[in-house]
Amino acid sequence: SDVGTSVLAGGLVYELIQGSNSVPFGLTYVAPNGTLIKRPSFYNYRNRITQVQPNRTHIDDYNPPAPRLLDCPPIANGWLASPILPPTPNHDHCDCMFNQLQCRPNFNITTATTQQMTLIGQHLGWLCGVNSSWCADISGNGTTGVYGYWSMCSAVQRA
C-alpha cells in the first residue's frame, strides 16, 4: 500500500509465494500450470539483499556487554501498584494444604465450573466483608503489597 511503501520501502517480505489470497503480496506465485513465476518485487528484493554487507565477528572475538536488569519506572502519583510482588505459586504447598482440609468444596478443583467459581467468590466476598481479618491468610492486595500466607493458592483452594 502507499502507507506501507513510504515506511518500509521493501524491507519486509510478507510472502515468498502468494497464498490463496487474491492480493499479490508474494514475491512469487504459482501459475495455473504449476510454474513458479517471479514478480518484479522478487528481483527488487534480490538486488537489495545482495548489496547487504554485514559486519562479521568471529565467535572468539565476540564480547557481548554484561546483561543488566532494567530499572522499573518511577512510582508516580496515582500509581496503584506496590513494588512488592506476590508470592510465587507453589502448587505442592497449596495441594497439601487443600488435601488436609476437613471442610472443602466437593468438586474437583481443576474442573470447577464458572457457576461454582462464582458461588465461591460470592461466599468469600460476604465472609471477608463481615470481618477482613478472617481472610487475611488467603487475601492479597497488589496496591498495598500485603499478601497472606495462602494468597498464592487458587480460589478454590483458598475457599
So, does Gln100 use its side chain to make a donor-acceptor pair with the main chain of Met97 at under 3.5 Å? no
Short side-chain to backbone donor-acceptor contact, Ser139 and Cys135, under 3.5 Å: yes
Counting N and O atoms only, with roles assigned by atom type, does the side chain of Asn99 sit under 3.5 Å from a partner on the main chain of Asp95, one being a donor and the other an acceptor? yes
Can you measure from SG (Cys153) to CZ (Arg158) and round to the nearest 0.5 angstrom? 7.5 Å
To the nearest 0.5 angstrom, please state how far the CD1 atom of Ile138 sits from the SG atom of Cys128. 4.5 Å
Donor-acceptor contact present, side-chain Thr118 to main-chain Thr114, <3.5 Å: yes
Assess whether atom CD of Gln115 is packed by more than 12 heavy atoms of other residues, nucleotides or ligands within 6.0 Å. no
First locate atom OG of Ser154, then atom CE of Met117, and finally report the distance between them rounded to the nearest 0.5 Å. 6.5 Å
Say you draw a straight line from CZ of Phe42 to CG of Leu36; how long is it, rounded to the nearest 0.5 Å? 8.0 Å
Do Tyr43 and Ile49 belong to the same hydrophobic cluster, where Ile, Leu, Val, Met, Phe, Trp and Tyr are linked whenever their side-chain heavy atoms lie under 4.5 Å apart, directly or via other members? yes
Interatomic distance, Leu80 atom CG to Thr144 atom OG1 [nearest 0.5 angstrom]: 11.5 Å
Taken to the nearest 0.5 Å, the spacing of Leu127 CG from Ile120 CD1 works out to 13.0 Å
ILVMFWY network linking Leu101 to Trp150, side-chain heavy atoms under 4.5 angstrom: yes
Test Arg39 against Leu27 for side chain to side chain contact (heavy atoms under 4.5 Å, CB included), laying out the working first. CA-CA 6 Å; Arg39 296 185 185 279; Leu27 297 178; 5.9 Å; no
Identify whether Val146 and Ile84 are in the same connected component of the hydrophobic contact network (ILVMFWY, side-chain heavy atoms under 4.5 Å). no
For residues Leu119 and Gln122, determine if any side-chain heavy atom of one lies less than 4.5 Å from a side-chain heavy atom of the other. yes
Do other residues, nucleotides or ligands put more than 12 heavy atoms under 6.0 Å from the CG atom of Asn55? no
Are Leu85 and Met152 connected into the same hydrophobic cluster when the rule is that any two of I, L, V, M, F, W, Y join if their side-chain heavy atoms are below 4.5 Å apart? no
Could you check, using the six-membered ring where one of them is a Trp, whether His93 and Phe98 have ring centers closer than 6.0 angstrom? no
Can you check whether Tyr147's main-chain N or O pairs, donor with acceptor, with Ser151's side chain at less than 3.5 Å? no
Heavy-atom closest pair, residues Asn47 and Gln51: O-CG, 3.2 Å
